[in-house]
Amino acid sequence: MADQAKVVAAQRIEDARYWAAPRLESAAHGFEDQVAPKVSSMLSAAAKRVDPKPSHSRRWPVLVLMTGLAVGTIGYLFYRRNAQQWTEHMKDSASDASRWVSEKADSTATSADRMAANVSNKADETSRKMS
């Protein structure tokens, strides 16, 4: 009879284990999904309050980054404006140089025509005197 009780008890324990295992697994997942995050956030908040060293502000690096971007943008805009002004200035300079060359060429042509006329007149006078 003791042997039979032992077998029945072992079978009942095994049945209980089959019944309890999925329920314990489900309870563990429920605890993990619902209770653990709350406990974790509570412990993190307590750790921040207890921590003696001050937390470092992350605003400074962002402020430096934004200032650098602003300065870079302003520099780029000045560069574009100056490049455009330089181009316009070079166009004006080229136009002025072209006008100066044209005027010099005209004055040289006029001077050459006068000199040729003088030479022609002197050649005519010389030929009249010789004839």
Side-chain angles (χ1 to χ4, degrees):
M1 194 158 175
D3 287 335
Q4 190 177 7
K6 181 179 169 184
V7 169
V8 169
Q11 188 176 5
R12 296 277 170 117
I13 289 174
E14 190 175 337
D15 288 344
R17 288 176 65 188
Y18 279 119
W19 177 85
R23 286 166 180 74
L24 287 173
E25 183 76 24
S26 174
H29 285 296
F31 185 83
E32 192 176 270
D33 293 341
Q34 295 172 1
V35 178
K38 293 176 185 174
V39 171
S40 174
S41 67
M42 182 183 69
L43 290 174
S44 294
K48 286 179 185 175
R49 280 182 277 164
V50 172
D51 192 11
K53 68 177 183 177
S55 64
H56 295 288
S57 173
R58 296 193 57 108
R59 281 190 268 173
W60 280 107
V62 172
L63 182 64
V64 169
L65 176 67
M66 296 307 272
T67 303
L69 285 173
V71 168
T73 302
I74 290 169
Y76 177 75
L77 292 175
F78 278 133
Y79 166 77
R80 293 291 295 168
R81 185 182 56 117
N82 288 340
Q84 200 169 28
Q85 286 177 350
W86 182 80
T87 303
E88 290 172 8
H89 177 71
M90 291 308 290
K91 285 179 185 175
D92 292 343
S93 295
S95 175
D96 290 345
S98 176
R99 192 176 319 118
W100 180 80
V101 167
S102 177
E103 288 172 2
K104 286 296 180 183
D106 288 344
S107 70
T108 303
T110 304
S111 177
D113 286 344
R114 263 189 274 133
M115 288 171 75
N118 283 344
V119 168
S120 176
N121 287 340
K122 285 187 183 183
D124 287 343
E125 281 180 33
T126 305
S127 94
R128 268 188 250 143
K129 285 183 185 177
M130 292 178 89
S131 13

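In this chain, numbering begins with 1 at the start of the sequence shown.
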Residues clustering with Trp100 (ILVMFWY side chains joined when closer than 4.5 Å, directly or via others):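 Cluster partners of Trp100: Val101.
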Nonpolar side-chain network containing Ile74, other nodes, edges under 4.5 Å: Phe78
What's the separation between atom [atom1] in [X] and atom [atom2] in [Y], rounded to the nearest 0.5 Å?
| X | Y | atom1 | atom2 | answer |
| --- | --- | --- | --- | --- |
| Lys6 | Gln11 | NZ | CD | 14.5 Å |
| Asp124 | Lys129 | CG | NZ | 12.0 Å |
| Leu65 | Trp60 | CG | CH2 | 14.0 Å |

[X]: partners by side-chain contact (heavy atoms from CB on, under 4.5 Å), with sequence neighbours left out:
| X | answer |
| --- | --- |
| Asn82 | Gln85 |
| Arg80 | Tyr76 |
| Met66 | Val62, Leu69 |

Contacts table for residues 22-40: side-chain donor-acceptor under 3.5 angstrom, sequence neighbours left out:
from: Arg23; atom 1: NH1; to: Trp19; atom 2: O; distance (Å): 2.9
from: Glu25; atom 1: OE2; to: His29; atom 2: NE2; distance (Å): 2.8

Qualifying salt bridge (charged side-chain N to carboxylate O under 4.0 Å, His left out) pairs, either residue in residues 104-117, two or more places apart: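 Applying salt bridge (charged side-chain N to carboxylate O under 4.0 Å, His left out) to every pair that reaches into residues 104-117, excluding sequence neighbours, yields nothing.
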Residues forming a salt bridge (charged side-chain N to carboxylate O under 4.0 Å, His left out) with Arg81, sequence neighbours excluded: none
Any donor-acceptor N/O pair, Ser120 side chain to Ala116 backbone, under 3.5 Å: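 Not confirmed, Ser120 side chain does not pair with Ala116 backbone.
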